[in-house]
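Notes for the one structure printed next.
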Amino acid sequence: MEIRFGPFALNPDTRQLTRNGSEIHISRKAFELLVTLVAERPNVVGKAMLQERLWPGTFVVEANLSNLVAEIRDALGDEPRSPRFVRTSHGVGYAFVGEVVPAPPVQPEAAQAQMTANWLECQGRQFPLAPGENIIGRDPDLAVSLIAPTVSRRHARVIVSHDGATIEDFGSKNGTFIGGVPVRSPIRLAHGDDIRFGTLPAKFYRQVEAVTETAVRQPGAEGS
């Protein structure tokens, strides 16, 4: 799902940052930090939370985080004293303050000739995953609410786009795992993947169906 702000476009799925269509290369950690700040906008994300999300279970000095922020600002042409995109909350953390605009709608004739359904199966239930961001955790207001002692309040998220889905841990206490491998950065999901949120097992499914000409025809097109 592409996120646009100013002349920039951020795509967490393809892991690309572009300016007017030209790719800007930043480090993997800087990209993950920018994705996190954009996802949590306009809230200030604390330094401790960011450090745990970027370097889970590892002690790092605070300068590592500030260096990544400086890298992002340099890539975006941002100024710390008059920020357009990344604001510093002194002594607390950082917030994304840029105005995000939606990507232009896909025209029917250019739309993909497929429809997809994505869902998680967990605790004997099916949880449909909508296009865009789906937060998973113990909070009852979330898209995927899982009541289990090893699941954090905001544990992980799945981002669904037309060409696939990715999963990312939110720095949870007990971790997220794909096939037993810990999720330390966004990972692309495949149909039938086994997932664990802490010790709670789940399974990801993705179904693709062809769209008929009738399905994409605009209202009123009959008889034209």
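What you see below is based on every heavy atom in this structure, not just the backbone, and it leaves out hydrogens, waters and symmetry mates.
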* To do: Answer yes or no: are there more than 12 heavy-atom neighbours, outside K173 itself, under 6.0 Å from its atom NZ?
  => no

* Structure fact -> Taking every heavy atom of Q123 against every heavy atom of A148, the minimum-distance pair comes out as NE2-CB, 4.2 Å

* Begin from the C-alpha positions of I187 and V181 and carry the test side-chain contact (heavy atoms from CB on, under 4.5 Å) through to its verdict. => CA-CA 11 Å; I187 293 179; V181 178; 5.6 Å; no

* **Distance, nearest 0.5 Å, that separates OG1 of T14 from CZ of R188** => 9.5 Å

* Can you list the steps and then say if F127 with W119 is a ring-ring contact (aromatic ring centres under 6.0 Å, His included)? -> CA-CA 5 Å; F127 296 91; W119 70 95; over 10 Å; no

* Closest approach of D169 and A156, non-hydrogen atoms and distance? -> CA-CB, 4.1 Å

* To do: Take R73 and T88, measure what side-chain hydrogen bond (donor to acceptor under 3.5 Å, both in side chains) needs, and give me the verdict at the end.
  => CA-CA 11 Å; R73 284 176 170 151; T88 300; 2.8 Å; yes

* Asked: Is any side-chain heavy atom of D78 less than 4.5 Å from a side-chain heavy atom of I72?
  -> no

* Asked: Quick one: do L200 and L142 end up in the same hydrophobic cluster if we chain Ile, Leu, Val, Met, Phe, Trp and Tyr together by side-chain heavy atoms under 4.5 Å apart?
  -> no

* **Single-linkage hydrophobic cluster I136~F177, side-chain heavy atoms < 4.5 angstrom** => no

* Measure the CG-CZ distance between D139 and R154 for me, rounded to the nearest 0.5 Å. => 8.0 Å

* To do: Determine, for F96 and R41, whether the Lys NZ or Arg CZ falls below 6.0 Å from the six-membered ring centre while staying within 45 degrees of the axis.
  => no

* **Close side-chain approach of L189 to I195, heavy-atom, < 4.5 Å** => yes

* Which atom names give the shortest non-hydrogen contact between R84 and G77, and what distance separates them? -> NH2-O, 3.6 Å

* Asked: If every non-hydrogen atom of K203 is compared with every non-hydrogen atom of G192, which pair is closest and at what distance?
  -> NZ-O, 3.1 Å

* Is I26 linked to I3 within one hydrophobic cluster, defined over Ile, Leu, Val, Met, Phe, Trp and Tyr using a side-chain heavy-atom separation of less than 4.5 Å? -> yes

* Taking all non-hydrogen atoms of both residues, which atom of A143 and which atom of N134 are closest, and how far apart? -> CB-OD1, 4.3 Å

* Check: I167 and D193 side chains under 4.5 Å, non-hydrogen atoms -> no

* Sub-3.5 Å donor-acceptor pair from the side chain of H155 to the main-chain atoms of G175, do we have one? -> yes

* Structure fact -> Between G171 and R53 the two heavy atoms that sit nearest each other are N-NE, 4.3 Å

* Decide yes or no for F170 and T176: does some side-chain heavy atom of the first lie under 4.5 Å from some side-chain heavy atom of the second? => no

* **Verdict with supporting geometry, L76 and F5, side-chain contact (heavy atoms from CB on, under 4.5 Å)** => CA-CA 10 Å; L76 301 180; F5 50 95; 4.0 Å; yes

* To do: Evaluate the side-chain proximity of S185 to E32: yes if any heavy-atom separation is below 4.5 Å, no if none is.
  => yes

* Asked: Is there side-chain contact between F85 and L34, with at least one heavy-atom pair below 4.5 Å?
  -> no

* To do: Return yes if some donor-acceptor pair links the side-chain N/O of N67 with the main-chain N/O of A63 below 3.5 Å, else return no.
  => yes

* Asked: Transitively linked via ILVMFWY side-chain contacts under 4.5 Å: M49 with V92?
  -> no

* To do: Find out whether W55 and K29 are in side-chain contact, i.e. whether some heavy atom of one side chain is under 4.5 Å from a heavy atom of the other.
  => yes

* Does the side chain of F197 reach to within under 4.5 Å of the side chain of S172, using non-hydrogen atoms? -> no

* Asked: Which residue, L50, T36, V45, forms the side chain to side chain contact (heavy atoms under 4.5 Å, CB included) with Y94?
  -> L50

* **Chi angles and distances behind the side-chain contact (heavy atoms from CB on, under 4.5 Å) call for I178, D194** => CA-CA 6 Å; I178 302 293; D194 290 311; over 6 Å; no

* Give, for atom CD of E168 and atom CD of E133, the distance between the pair rounded to the nearest 0.5 Å. => 8.5 Å

* Count the heavy atoms belonging to other residues, nucleotides or ligands that lie under 6.0 Å from CD of E99, then report whether that count exceeds 12. => no

* To do: Calculate, to the nearest 0.5 Å, the distance between atoms CG and OG belonging to N11 and S161 respectively.
  => 7.0 Å

* Might you work through the side-chain hydrogen bond (donor to acceptor under 3.5 Å, both in side chains) test for T18 and Q16, ending with a clear yes or no? => CA-CA 6 Å; T18 58; Q16 289 179 299; over 6 Å; no

* Asked: Distance from N174 atom CG to S152 atom OG, nearest 0.5 Å?
  -> 6.0 Å

* **Euclidean distance, R157 CZ relative to I135 CD1, rounded to 0.5 Å** => 6.0 Å

* To do: Please check if any side-chain donor atom of S27 sits under 3.5 Å from a side-chain acceptor atom of E71, or the reverse.
  => yes

* Is it true that V97 and L17 fall in one hydrophobic cluster, defined by side-chain heavy atoms closer than 4.5 Å? -> no

